[in-house]
Amino acid sequence: MRTDYDETPYPSLSYSQTHPDRLATIATLLGLNPAPVTACHVLELGSAAGGNLFPLAYALPGSRFVGIDISAAQVEEGKALLDRLGLRNVSLQQMNILDITPAFGQFDYIIAHGVYSWVPPEVREKVMQVCRDNLAPDGIAYVSYNSYPGWHMMRTIRDAMLYRTRAVSDPSERATQARAMLDFMAGAIPESNAFGAFLQSYMRFLQGELKGANARGNAFLLHDELEEVNDPVYFWRFARHAAEHGLQYVAEAEFADVFPKGFSDQVMQTLQGLSHDIIELEQYLDFLRSRMFRQTLLCHDNLNVRRTLGLDRLRGMFVASRVKPASENPSIETVSVEQFRAADGATLSTDHPVSKAALLHLAQVWPRAVPVGDLLAVARARVNAVPDRLDDDANDLLANLLKAYTYSSQLVELHTFQPPLAGEASERPIASAVARYEARQGAIVANLWHERAHLTPLNRQLVQLLDGTRNRSALLDSLAALAREEKIHLKVDGQPITDEARVRQLLEGELEQNLQWLARAGTLVG
Ligand SMILES: C[S@@+](CC[C@H](N)C(=O)[O-])C[C@H]1O[C@@H](n2cnc3c(N)ncnc32)[C@H](O)[C@@H]1O
């Protein structure tokens, strides 16, 4: 059976929010006991060409991964890549979700990203059944879906694009016509109109890197917005569907989403008064936030999800952070308030010397994470903390870390494991084998935290050379050869540089800078 995913494959990329570590961290914070991610069994439904599973399998060699997808073309593409990567702990199978039985096995983590609202009702039903029958007793399932009420507005946009392209069958032409329709609407409807404002924000999203007007962007548009089946669902209906299968709501994979921000105390009180349980509260919040998309975690309904977060749950975890102090010379030892800022604009202010020292330490060692216990010890040593304050310091630090994590994961990341990351470029640097392969295909590669790193043309070439066989001088020779072959273009003040000696001199500076960047971007293996 051919599917439209055979004709236009879905761009197969990594999704950090689906990482078993993310699922395990959130579940652990909520009092559950998920399987350790370094020795777990993972199933992905609708895994396309394996772009999400392969970097996970590479970073977690002690765990086993199975991906299934109905599209033969995508699975074949993934299998060919798998042969080249030589990963033995992951397999892809061409299979219909409908054909999965309990005998298919038990999995500690089940991932279904971009499937639930894009498949017919019987497959949607089966996704829930699989989450019930094939999920280990302490397992966590991740299911993402389009949601109402946010999708009501989006429906109008989808319907306009579908109507405009109703007689067009060629995928690339469909994408072109759909974009032309959007441009027309965006130009015709003023932004002062509520729908016009929504349309503009959607246009900005489309123009973003992943939905740009290239083949990859068109594939996203055709499948995400224009796929024949696209049935968004209200959260309460989704939760009821899960409950009918003996599953319960745990949280959202973007954990900070579960903690409402920007509402007054009065609004929060009214919401609490209206809501008899977490499902109602989340549904009312979806109405207030006009939510369009959810990434929900589920577990079996016999487990006790503790909705009060306890600091004790952080003790065995790892912490990472790339926050920057707002002031140039933050005062660490004294009890003065310092502010730390994340890339998304979120800030954390604290006067606790140990917490301040801890955040500075984390920023220094990024992308590596630090076990909570070690972080406490390093930070206390840095501020010469007195022995009497050990328990207080531990509590204050953990409380600050938890507060930051629940506000924005860009402030502080919590993890249950440490991937095999190199903090710095070694003498013969090694980039992850998956990243080396991905760099051949395009500018986006998965780092060892399963985030996407966006490469410049130069570091795209460099990553491919980092297989551990080359030292700096061999790397320089290889880069110089690539420049001669015009695969790397060097410019100074906008002028191309071709003189061999000058090229080498420029590359020498670039090499160290790029290696450092790649290390900070979490692409190098320790
Ligand atoms: C929108 S794509 C998402 C792919 C991937 N999970 C991601 O997010 O990048 C949906 C995927 O589900 C697969 N799919 C759709 N119906 C399926 C079915 N009945 N059984 C197995 N796979 C299916 C498609 O082939 C496609 O690869």
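Atoms within a ligand are numbered from 1 in the order they appear, just like the ligands themselves.
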Could you check which of [options] puts a non-hydrogen atom nearest to [atom]?
{"atom": "atom 23 (C) of ligand 1", "options": "Val75, Ile70, Leu13, Leu98", "value": "Ile70"}
{"atom": "atom 18 (C) of ligand 1", "options": "Leu45, Ile111, Asn96, Asn52", "value": "Asn96"}
{"atom": "atom 16 (N) of ligand 1", "options": "Ile97, Asp224, Val119", "value": "Val119"}
{"atom": "atom 10 (C) of ligand 1", "options": "Ala219, Gly46, Gly114", "value": "Gly114"}

Tyr15 six-ring face occupied by Arg452 cation (under 6.0 Å, within 45°):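 Checked: cation-pi criterion met.
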Aromatic Tyr437 / basic Arg84 pairing, under 6.0 angstrom, 45° off normal: no
4.0 Å heavy-atom contact, Lys126 with ligand 1: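 It does not; every heavy atom stays at 4.0 Å or beyond.
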Contact with ligand 1 for Glu227, non-hydrogen, under 4.0 angstrom: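 It does not; every heavy atom stays at 4.0 Å or beyond.
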Parallel, tilted or perpendicular: rings of Tyr145 and Phe238 (30°, 60°):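 Rings of Phe238 and Tyr145: parallel, as their planes differ by under 30°.
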Aromatic plane relationship, Tyr148 with His152 - under 30° parallel, 30 to 60° tilted, over 60° perpendicular: parallel
Side chain, backbone, both or neither: the part of Tyr15 lying under 4.0 Å from ligand 1 by heavy atom: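 The answer is the side chain of Tyr15.
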Ligand 1 versus His223: contacting region, heavy-atom distance under 4.0 Å: neither
